[in-house]
Amino acid sequence: MLKVGITGMGFMGWIHWLAYQKVEGVEVAAICTTEPERLQGDWTGIKGNFGPPGEQVYLSGIATTADFDEMLAMPELDYVDICLPPALHAPFIEKAAAAGKHVFSEKPLALSVDDCDRAVNACREHDRLLMVGQVLPFFPEYAFARSVIDSGEYGKAIGGTFKRVISDPEWLPDFYDPKKIGGPMLDLHVHDAHFIRLLFGQPATVTSGGRMRGEVVEYCNSIFRFDDPQIVVSSVAGVINQQGRPFTHGFELHLERCTMQFEFAGLADGAQAMPLKLLHPDGSVELPETGSGDPVDAFVAEIETVVESMKAGQESGVLSGGLARDAIEICQAQSRSVVEGRTIEL
């Protein structure tokens, strides 16, 4: 039985806690948070944009501390799960690796490529595993699309377009701070940047146009070019300032002998979805069964992968620190393209 310590008991810490309750072979053995009431199990103040609200949790038998160093000194912990604000991910990963702990960190890996490299190199130097919570590939429609592409049944993937747009997250006061959260590109679009990297490899260049809010890109459209000229990929990502549509995401993926379409929108008057469809050359349309629509289940699948990888002593290919680092490089290149008004080479 693996034992994990979670540091950071906000919204993502709560979602990870819920997921761990459904994963076999691992138990939460420690909680680290600086909020006294949460050390007592009062998580009723936790709210987010999906999943159930926080509850009163009974922490009997679970070590609690406000000191991350104290958690790292617990010999029973096999790894730590970092659910802190993005700016703290890299330094806490480095500290955990130096203390001999394997690491599972929430996304984004860091707010700059340099910080990503330091985190990845620290884990390599200390021979520790690093996996990053890029959960999108575990959502059912995205997982299904990835499995179809990996199977080769319809030929190779030759491109597509990806969408991820939210209304202004007024409940996150530091969202547009480039030194704390990083804005829409690093906190939101990083999901699709990672998925693009996973499916197609690292782009050769990116050309983006968009609008700014302060020092960060608020909204942008991007075209990615690859060494293979057959691959054509684009994305739209960012924030709109109308609160009637808090969230939407989706994709259209082009394979040589199939096109896959999916879109979901959360609206003030109710959620709407265009379910995943496979469009075939003969004109037929297939609606595959993709499984649960509960977003927490995607985190369950993600953490199951983490646990399997920890037991095998090898990083998951999907959740590796290297892939998460490449996603940040993509997002930074897109931001530079908007700011500088030119194509950026990666």
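Side-chain atoms are counted along with the backbone in the values below, which use heavy atoms only and exclude waters and symmetry mates. Along the sequence shown, residues are numbered consecutively beginning with 1.
Note on V190 and F195: separate hydrophobic clusters, where clusters join Ile, Leu, Val, Met, Phe, Trp and Tyr whose side-chain heavy atoms are under 4.5 Å apart, directly or indirectly. Residues V4 and V135 are members of one and the same hydrophobic cluster, defined by side-chain heavy-atom contacts under 4.5 angstrom among Ile, Leu, Val, Met, Phe, Trp and Tyr. V120 and V103 fall within a single hydrophobic cluster, where Ile, Leu, Val, Met, Phe, Trp and Tyr side chains are chained together by heavy-atom contacts under 4.5 Å. Residues L77 and V28 do not share a hydrophobic cluster, clusters being chains of Ile/Leu/Val/Met/Phe/Trp/Tyr side chains in contact below 4.5 Å. At a threshold of 4.5 Å between side-chain heavy atoms, the hydrophobic network of Ile, Leu, Val, Met, Phe, Trp and Tyr places I62 and V57 in one connected group.
Among residue pairs with one or both ends in residues 101-135, those qualifying as ring pair (Phe, Tyr, Trp, His ring centres under 6.0 Å) are H16-F104; sequence neighbours excluded. Applying the ring pair (Phe, Tyr, Trp, His ring centres under 6.0 Å) test to residues at least two apart or on different chains, none of the pairs has a partner in residues 309-341. Evaluation of the ring pair (Phe, Tyr, Trp, His ring centres under 6.0 Å) test over residues 316-346, restricted to residues two or more places apart or in two chains, returns none. Residue pairs meeting the side-chain hydrogen bond (donor to acceptor under 3.5 Å, both in side chains) criterion with at least one partner in residues 152-161, sequence neighbours excluded, are K156-D228, K156-Q230, T161-S234. Evaluation of the salt bridge (charged side-chain N to carboxylate O under 4.0 Å, His left out) test over residues 259-284, restricted to residues two or more places apart or in two chains, returns K163-E263. Applying the salt bridge (charged side-chain N to carboxylate O under 4.0 Å, His left out) rule to pairs touching residues 19-32 yields K3-E27, K22-D297, sequence neighbours excluded.
Summarising the geometry of P184 relative to V217, their closest heavy-atom pair is CD-O, 3.2 Å, with the distance given to 0.1 Å. Here the shortest heavy-atom pairing between A157 and I231 reads O-CG1, 4.2 Å. Here the closest heavy-atom approach between residue A96 and residue V80 is recorded as CB-CG2, 3.8 Å. The minimum heavy-atom distance between V26 and M1, with the atom names listed, is N-SD, 3.1 Å. Listed here is the closest heavy atom pair of D187 and P108: OD1-CD, 4.5 Å. The nearest pair of heavy atoms linking G159 to F200 is N-CE2, 3.5 Å.
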Point to revise | Worked check of side chain to side chain contact (heavy atoms under 4.5 Å, CB included) between T64 and L39 | key: CA-CA 6 Å; T64 57; L39 288 173; 3.8 Å; yes

Exercise for review: Go through the steps for L111 and K179 under the test side chain to side chain contact (heavy atoms under 4.5 Å, CB included), then give the verdict.
Suggested key: CA-CA 7 Å; L111 298 183; K179 296 181 179 178; 5.6 Å; no

Practice item. Start with the C-alpha distance between L319 and T305, add both sets of side-chain angles, then the distance that settles side chain to side chain contact (heavy atoms under 4.5 Å, CB included), and finish with yes or no. Key: CA-CA 8 Å; L319 300 175; T305 299; 4.1 Å; yes

**Study point:** side chain to side chain contact (heavy atoms under 4.5 Å, CB included) evaluation trace for I158 with V232
**Key:** CA-CA 6 Å; I158 55 175; V232 181; over 6 Å; no

Exercise for review: Evaluate salt bridge (charged side-chain N to carboxylate O under 4.0 Å, His left out) for K95 paired with D69, printing each intermediate quantity in order.
Suggested key: CA-CA 8 Å; K95 183 178 283 193; D69 289 333; 3.6 Å; yes

Practice item. Determine, step by step, whether S208 and S222 satisfy the side chain to side chain donor-acceptor pair (under 3.5 Å) criterion, reporting the C-alpha distance in whole Å, the side-chain angles of both residues, the deciding distance to 0.1 Å, and the verdict. Key: CA-CA 4 Å; S208 299; S222 300; 2.5 Å; yes

Practice item. Take R213 and D168 through the salt bridge (charged side-chain N to carboxylate O under 4.0 Å, His left out) test and state the conclusion after the steps. Key: CA-CA 11 Å; R213 185 183 297 201; D168 201 5; 3.1 Å; yes

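With contacts defined as side-chain heavy-atom distances shorter than 4.5 Å, the pair P288/L276 qualifies. Residues I223 and V233 form no side-chain contact, since every pair of their non-hydrogen atoms from C-beta on lies 4.5 Å or further apart. L172 has its side chain within reach of I181: a pair of non-hydrogen atoms, C-beta onward, lies under 4.5 Å apart. Here the side chains of S147 and D150 are not in contact, with every heavy-atom distance at 4.5 Å or above. Looking only at side-chain heavy atoms (C-beta outward), C123 and E94 stay at 4.5 Å or farther from each other. Counting only heavy atoms from C-beta outward, the side chains of L287 and V285 approach each other to under 4.5 Å. Proximity of V296 to I15: side-chain heavy atoms (C-beta onward) are separated by under 4.5 Å at one or more points. The shortest side-chain heavy-atom distance between W43 and P53 does not fall under the 4.5 Å cut-off.
No donor-acceptor distance shorter than 3.5 angstrom exists from the side chain of H189 to the backbone of Q334, with no hydrogens or angles considered. Between the side chain of S337 and the main chain of A333, no donor-acceptor pair closer than 3.5 Å is present. With hydrogens and angles ignored, the 3.5 Å screen pairs no side-chain donor or acceptor of T259 with any backbone N or O of L255. Between the side chain of D42 and the backbone N or O of T44, at least one donor-acceptor pair lies under 3.5 Å. Side-chain N or O atoms of E315 include one that pairs as donor or acceptor with a backbone N or O of L130 at under 3.5 Å. Remark: side-chain polar atoms of E304 are not paired, donor with acceptor, to backbone N or O of V23 under 3.5 angstrom. Looking at E329, its side chain never comes within 3.5 Å of a backbone N or O of R325 through a donor-acceptor pair. Side-chain atoms of T290 do not come within 3.5 Å of backbone N or O of E141 as any donor-acceptor pair.
Using a 3.5 Å distance cut-off with no hydrogens or angles, the side chains of H280 and E286 do pair a donor with an acceptor. One side chain, R225 or T207, offers a donor N or O that lies under 3.5 Å from an acceptor on the other.
Within 6.0 Å of atom CG in D227, 12 or fewer heavy atoms from other residues, nucleotides or ligands are found, so the atom counts as exposed in its surroundings. Within 6.0 Å of atom NZ in K311, more than 12 heavy atoms from other residues, nucleotides or ligands are found, so the atom counts as buried in its surroundings. The environment of CD in E340 is crowded: more than 12 heavy-atom neighbours from other residues, nucleotides or ligands sit within 6.0 Å.
Atom CG of residue L18 and atom CD of residue E55 lie 7.0 Å apart, to the nearest 0.5 angstrom. Expressed to the nearest 0.5 Å, how far OG1 of T248 lies from CG of L267 amounts to 7.5 Å. I149 CD1 to L253 CG: the interatomic distance, rounded to the nearest 0.5 Å, is 5.0 Å.
Across E252, H254, Q261, M260, a single residue satisfies side-chain contact (heavy atoms from CB on, under 4.5 Å) together with L279, and that is Q261. Tested against Y219 for a side-chain contact (heavy atoms from CB on, under 4.5 Å), the candidates V338, V239, V165 yield a single pass: V165.
Ring pair F139/H249 is perpendicular by interplanar angle, where above 60° counts as perpendicular and below 30° as parallel. Using cut-offs of 30° and 60° on the angle between ring planes, the pair F247 and F264 is tilted.
Taking the six-membered ring for Trp and the full ring otherwise, F92 and F68 have centroids separated by under 6.0 Å. Taking the six-membered ring for Trp, Y142 and F251 have ring centres closer than 6.0 Å.
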